[in-house]
Amino acid sequence: MTTVLSPAAAVGPVPTAPTAKAAPAPAVDPAHAPGVGGPSMAAARPDPADLDPRRALRELECWRADGRDAARFPYRAVLGHYRTVGKNAVGAELLTALRAVGPALSAPAETAGPAARLLTDWLPQVVDGTQGDYDSYLGSPVYASLARTGARTEEVITALLADLVATEAATLAGAPAGLARTRAALRALTASAGLPAGRESKGAPHTAQDDTADLVRACAAAVAAARDAASSGVLRAVELTLTPTTRSHDEQMFIRVIQIFEAVFAAVGRSIQAATEAVAAGRADRARELLEGATRHVAGTSGVFRVLTTMPKDAFAVIRANTDGRSAVQSRAYRTVERSCPELHSALLSSSVHQYELQSVMRELDTAWGAMKRTHWGITMKVIGKVRGTGGTAGASYLREAAEARLFPALG
Ligand code: HEM
């Protein structure tokens with residue numbers, strides 16, 4: 001049985017669990033309220049049944065006995081336990097039971113319906129234990145399937161931001177440090193969803209409590225509007241793809257931010273590849289439109305970076321200690337962007353489209369991509385300094401060099 005934790009315990013994984021890493025997580029203030037720098041709500045105020053894996057095990061057993069209908073998979077019970085104890089602390093028994101689910105599904109995912117597809121895409125995220133990679137950390141297969149079914153990138157990003165805003169706003173009462181992050185997340189959400197920016201209330205002088213209450217109200221309204229506009233498939237994907245390795249509140253934010261960036265990288269890669277085809281077909285206008293859209297996506301990450309900069313160093317140290325081998329240096333979507341640009345340029349040189357027709361939009365994309373890389377490097381310096389990365393590179397010096405590499409060096 002999993003050790004029952006004090007709600008205010010440190011946010012690292014449960015130390016007695018069979019699969020917990022041997023290295024102790026850096027210390028976090030054990031008396032911290034849920035929110036920025038402390039435990040997540042699920043960890044601090046758990047449903048007692050989620051502390052223990054037995055509910056998930058029982059429900060999995062019933063699901064198996066009941067015909068293994070993917071649409072009735074007990075996601076809630078499994079995720080409840082994962083989020084309460086942190087993935088790195090989930091015990092061997094539940095991991096073994098989950099690892100048996102994939103082979104037990106009757107039809108291969110390719111031929112099965114959407115529920116079986118979703119379950120197959122989701123499982124890698126909960127069976128990877130402490131040995132997972134970047135893709136299983138963020139739930140890449142779920143988002144890849146969403147994109148294949150035609151979900152719009154803006155819709156996915158807005159739904160992820162809505163979840164982030166809701167999670168941050170829920171902790172505001174106990175964690176004043178969360179105000180800056182919640183404001184930044186709300187601004188990113190309103191920009192992404194095209195909602196009116198929240199306004200300060202006028203009238204009598206405001207107390208800090210009034211400000212917080214105003215912010216919570218503005219968050220609730222923006223989250224409701226964003227969720228109303230999202231499809232059920234997108235909302236479901238967002239709901240299922242949060243399995244932090246620790247009980248840290250900040251890791252939840254970190255995962256959502258990574259998922260947003262991945263959606264951007266994937267969209268930019270698709271746009272560049274489609275622009276290459278448009279160029280080959282002599283359609284300069286179409287290529288320009290695609291590249292302008294890609295630039296807008298990349299430029300839009302500045303608001304998301306503002307959320308990330310609210311990451312306390314100590315909190316990131318906990319995340320880092322628990323996510324070794326899960327670095328974004330493994331991001332295939334990011335590599336696709338960098339790999340596709342030379343192909344676009346050479347297609348341009350051998351097509352009927354004149355270089356000058358696309359030169360400025362290509363430069364704009366290059367500039368936005370470079371600015372994004374420099375911001376990432378700056379945040380890395382601030383949060384971890386010059387230590388090595390979890391992906392095995394030298395860290396900041398590697399990033400500084402990588403930030404200088406241009407997408408279209410031949411443009412001059
Ligand atoms: C506090 C936050 C972050 C820190 C300290 C950080 C740190 C690092 C480090 C040290 C590397 C070098 C590779 C390695 O050895 O791991 C790296 C690479 C990378 N990171 Fe981050 N990162 C952070 C947030 C993010 C976020 C939110 C994303 C969004 C997906 C991201 C995307 C990337 C990418 C794409 C690379 C590969 C860059 C390349 O090879 O050119 N990082 N990061």
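Values reported hereafter were calculated over all heavy atoms of this structure, with side chains retained and with hydrogens, waters and symmetry mates removed. These numbers were taken from a predicted model, which means no experiment stands behind them. Ligands are counted one by one from 1 in listed order, and the atoms in each one are counted from 1 as well.
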Novice: Looking at Y398, which atoms of ligand 1 are within less than 4.0 Å of one of its heavy atoms?
Specialist: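 The atoms of ligand 1 under 4.0 Å from a heavy atom of Y398 are 12 (C), 39 (C), 40 (O), 41 (O).
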Novice: Side chain or backbone of F305 under 4.0 Å from ligand 1, or both, or neither, by non-hydrogen atoms?
Specialist: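 Neither; no heavy atom under 4.0 Å.
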Novice: Measure the distances from the heavy atoms of S331 to every atom of ligand 1 and state whether one is below 4.0 angstrom.
Specialist: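 Contact check S331 vs ligand 1: negative.
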Novice: Do ligand 1 and S327 have nitrogen or oxygen atoms that lie under 3.5 Å from each other?
Specialist: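 Between S327 and ligand 1 (N or O atoms, distance only) the closest approach is under 3.5 Å.
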Novice: Under the side chain to side chain donor-acceptor pair (under 3.5 Å) criterion, do T245 and N322 qualify, and how do the steps go?
Specialist: CA-CA 6 Å; T245 60; N322 285 281; 5.1 Å; no
Novice: Which of the numbered atoms in ligand 1 are under 4.0 angstrom from any heavy atom belonging to A402?
Specialist: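 Selected atoms, number and element: 41 (O).
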Novice: Would you mind running through ligand 1 and noting each atom that sits below 4.0 Å from a heavy atom of G392?
Specialist: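 Those qualifying, in numeric order: 15 (O).
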Novice: Test of understanding: given a 4.0 Å heavy-atom threshold, classify the contact between R335 and ligand 1 as side chain, backbone, both, or neither.
Specialist: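 Just the side chain.
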Novice: Any idea which heavy atoms bring R270 and T153 closest together, and the distance?
Specialist: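 Distance-wise, the nearest heavy atoms are NH2-OG1, 3.2 Å.
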Novice: With heavy atoms under 4.0 Å as the rule, classify the contact between T393 and ligand 1 as side chain, backbone, both or neither.
Specialist: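 It is both parts that get close, each with some atom under 4.0 Å.
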Novice: Could you tell me whether the side chains of Q330 and Y137 share a donor-acceptor contact shorter than 3.5 Å?
Specialist: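 Judged by distance alone, the side chains do not pair up.
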Novice: Judged by non-hydrogen atoms, does R388 sit under 4.0 Å from ligand 1?
Specialist: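 Not so, R388 does not reach ligand 1.
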Novice: Is the closest basic N to carboxylate O distance between R217 and D214 below 4.0 Å?
Specialist: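 A salt bridge links R217 with D214.
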Novice: Let me see the working for Y75 and Y82 under ring-ring contact (aromatic ring centres under 6.0 Å, His included), right down to the final yes or no.
Specialist: CA-CA 10 Å; Y75 289 107; Y82 268 67; over 10 Å; no
Novice: Counting from 1, what ligand 1 atoms have a heavy atom of I258 closer than 4.0 Å?
Specialist: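 Result: 27 (C).
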Novice: To the nearest 0.1 Å, how far is atom 34 (C) of ligand 1 from its closest protein heavy atom, and which atom is that?
Specialist: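 The answer is A328 CB, 3.5 Å.
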Novice: With a 4.0 Å cut-off on heavy atoms, does H376 reach ligand 1?
Specialist: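 The answer is yes: ligand 1 sits under 4.0 Å from a heavy atom of H376.
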Novice: Is it the case that the side chain of T158 and the backbone of E155 share a donor-acceptor pair, with hydrogens and angles ignored and the cut-off at 3.5 Å?
Specialist: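 Not at all, since once roles are kept as given, no pair shorter than 3.5 Å links the two residues.
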Novice: What is the closest protein heavy atom to atom 24 (C) of ligand 1, and at what distance does it sit?
Specialist: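 Minimum-distance protein heavy atom for atom 24 (C) of ligand 1 reads F254 CE1, 3.8 Å.
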